[in-house]
Amino acid sequence: MWYDFGMKYRALCFTVVGLIGALILGIAVPVILTSLGLGGQPDAVVGVVHLTVVGLLFLVLVVEIVSAFKIDDSTFHTAFISGGLFIMYLFSADAQVYFADRGVALSPNVCGCVSELAFVVAALGCCQYILYLYGFPMRGKTALVLYGPVAPFLILYFVLQFFGYAYIVHFGIVLFIISSILTIIYRAETKNKIGFTTYFTAALCFLSVGAQSANALFYDGCTAALPGILLAFAALSFSMYIPTYLMFAIHSDNKAVKSAEYKERAEFFETKALSGQIKPHFIFNSLEAIRTLYHRDLAEGDAALSYLSDFLRGSIYSFDSVLVPFETEIDNVFNYTEFENFKRDEKIDVLFNIDFTDFRVPPFSVQPFVENALKYSGVDKIENGCIVISSYKRGGSAVVEISDNGRGFDLSKVKESSHGIKNACERFALILGAEPEIASEIGAGTRIRIVIDLKGEGGKV
Amino acid sequence: MKIVVIDDEMNALQTFLNECIDYDVEYKFFKDDEAAILDYVSKNAVDAVFTDIGMPSVNGLVLAEKLIGVCPNLFLVFITGMPITADDLGEKIRANTLGFLYKPYSAEKLAEFFNLIKNRTPQLTVRMFDTFDCFADGKLVLFSSSKSKELFALLVAYNGKSLTMEEAIACLWEDADPEKAKISYRNAVFRLRKTLTALGVNCVRFERARLRLDKKNISCDYWDFLQTGVGAYRGEFCRNYNWSIEYLPDLDRIAEKGKRP
């Protein structure tokens, strides 16, 4: 967020790092290498640099692969790309010289092929990822649309390499990889996963691709040619990095704002979607019950109608707010349980053990748990059966408990909890960061405990 | 108290009539005929207007504004099915608005508005002799649980003294285990509070683990008997409630005294 200093600061830092990186890679590296007499051919010193990059890429690779198992397949693509780059550097001509110095001789042709292939693999990884992002299947005509232009590009690359002009295409591919990495970061941010790893991965990929492009300039005879060409490439490199970095920095900032908005909207719609969750059959059953009650006793009908209409009103219009005072939610629960009890021949004992109410909860977030207890706990079938709704303060938290001494259930055998409960749990987690704990024992009852941190949103009354 | 009721639907007016007939209210019903309403309100001393909002020929909120132009001290109550609140009202009518009757509304809610207009609190009448019962403006109060009713009875028997949680538990839940008793106590307090709030009665001071009754606006046969020695005491006091036995000796003594010439 723009008003968030931390975010702005980070973007600024990133821009500065990017500028320095671009400066070093675009101008300083070629100049330094030339002055050290290292340019133009594979070199052990550059090999060390490459191997360091290999180490770092390996780290990224491991992190991304591990998280791919945990998070989703978008990180799988990053792993794929960093894997490609990892192999490319490991078998680079410079690394070979370094290995040769240590007595490990590798076939330059094999290494060259592996390295270049890995580079292509990284590029393809990016391609694949973009396809994935836009939801295209990896086959058929849609794949051709994106693979189509890339394939001749790659063939051109290999052809040109024989003539020593590969750097032209190389440069294009580098640009492509960088833009792909940007897309990946963009993706990660829209999913609210901006973290250290994202920045680390991005920075490393930028640096490594930049290093490769700078190095490529030397291989492909840049230094051997006119100084003018060197400068031209340095300038190109420079002008490429600055906008890319700026774009990334600004982009990540904008995205942060957008993702915050997005999150808020998601919360809002989530609330809306589920608050309207009064089922039609509930309404019709209730109307039927009201009719019966009116026939039996006018006062009973009046009372039940009043509870029902208050409950319906509360539920239909509850999506107007994300959080409501706990007392409002208790009113909803009360209207619900009172109405339900009017319908029952065997009244259920619902005890409101309310000791603390100075906090907020999402509307209709406690009611589903009570509804569930009313429907499934079977407390009406046992002696002294009751449902207790408690709220109290414990340290810096408000605790809400819904417990019953009913039949209980085997948690491991419950495949899908009801829509209402799932949604209530999600909203507690999403809005208040509170995870309802459910404990149940067969024959002893069920207890749901929700601990709400009073320092957070829930504590603002 | 004179009120005007406006609704375009005959049924709605009929419902209102059914509910308000028990109260001492002079009422005049109108359909959504703006000119006739304005004319009536300007010529008569009307205390309050109860109006629907969405009506075919005139919007209740617009009409309310015009009515205030005619009669600035008019109270307004909106009868509506819409989720409208005071925040949605314009500056001009907010100050005059007493509240909203959301359809379907209860007789209690309507009575609450009548009391607000008259600026009075409902009169509670408590009957302790024989069985305990409570009436608000003559209507039997339905408590939301038997224990909350019993708790209120005990509070009345305490006659203005503070009732602590321990004392209440000792009387009402003597056999229950301490933890369960506390829960039951809080539940009864919660329910009692709900019942009284719905009646618009504010006679109990709810403090932490302590309750106290404000005797103003309550009349009770037991209190009168204690003061005057005259009453309908026939040896039965809050029958059904175990703790009431302790009160009997004192009551008997007073009754004895009353009999002596």
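Predicted model only: the values in this text are computed from it and were never measured. Letters A, B, ... are given to chains in the order of the sequence lines, protein chains preceding strands, and every chain is numbered from 1. Side chains are part of it too, since the values below use all heavy atoms of this structure and drop only hydrogens, waters and symmetry mates.
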Counting neighbours of CD on A:E401 that are heavy atoms of other residues, nucleotides or ligands and sit closer than 6.0 Å, is the number greater than 12?
yes

Could you go through the side chain to side chain contact (heavy atoms under 4.5 Å, CB included) check for B:E108 and A:D302 one step at a time?
CA-CA 10 Å; B:E108 285 80 17; A:D302 276 346; over 6 Å; no

A:D355 and B:R208 ion-paired at < 4.0 Å:
yes

Could you tell me whether A:E441 atom CD has more than 12 heavy atoms of other residues or ligands within 6.0 Å of it?
no

So for B:K109, is it side chain, backbone, both, or neither that comes closer than 4.5 Å to the heavy atoms of chain A?
neither

Mark yes when over 12 heavy atoms from residues, nucleotides or ligands other than A:K343 sit less than 6.0 Å from its NZ; otherwise mark no.
yes

Heavy-atom count around A:F282 CZ within 6.0 Å, excluding the residue itself: above 12?
yes

Heavy atoms from other residues, nucleotides or ligands near CZ of A:R344 exceed 12 (cutoff 6.0 Å):
yes

B:D214 atom CG, over 12 foreign heavy atoms within 6.0 Å
yes

Can you tell me how far the CZ atom of B:R186 sits from the CZ atom of A:F352, to the nearest 0.5 Å?
14.5 Å

Give, for atom OG of B:S106 and atom CG of A:D310, the distance between the pair rounded to the nearest 0.5 Å.
7.5 Å

For A:V350 and B:R191, which heavy atoms make the closest approach, and how far apart are they?
O-NH2, 2.8 Å

Quick check for you: to the nearest 0.5 Å, what is the distance between B:N187 atom CG and A:I389 atom CD1?
9.0 Å

Any A:D331 side-chain heavy atom under 4.5 Å of B:K194 side chain
yes

Less than 4.5 Å to any heavy atom of chain A: does that hold for the side chain of B:S145, its backbone, both, or neither?
neither

A:K347, NZ: over 12 other non-hydrogen atoms inside 6.0 angstrom
yes

Begin from the C-alpha positions of B:K103 and A:R313 and carry the test side chain to side chain contact (heavy atoms under 4.5 Å, CB included) through to its verdict.
CA-CA 10 Å; B:K103 294 174 182 175; A:R313 203 176 352 264; 5.9 Å; no

Are there more than 12 heavy atoms of other residues, nucleotides or ligands under 6.0 Å from atom CG of B:D24?
no

Judged by atom type as modelled, is there a donor-acceptor pair below 3.5 Å linking the side chain of A:N353 to the main-chain atoms of B:I183?
no

Please work out which of the three classes, parallel, tilted or perpendicular, describes the rings of A:F334 and B:F190, given edges at 30° and 60°.
perpendicular

Tell me, for B:Y185 versus chain A, whether the close heavy atoms (under 4.5 Å) come from the side chain, the backbone, both or neither.
neither

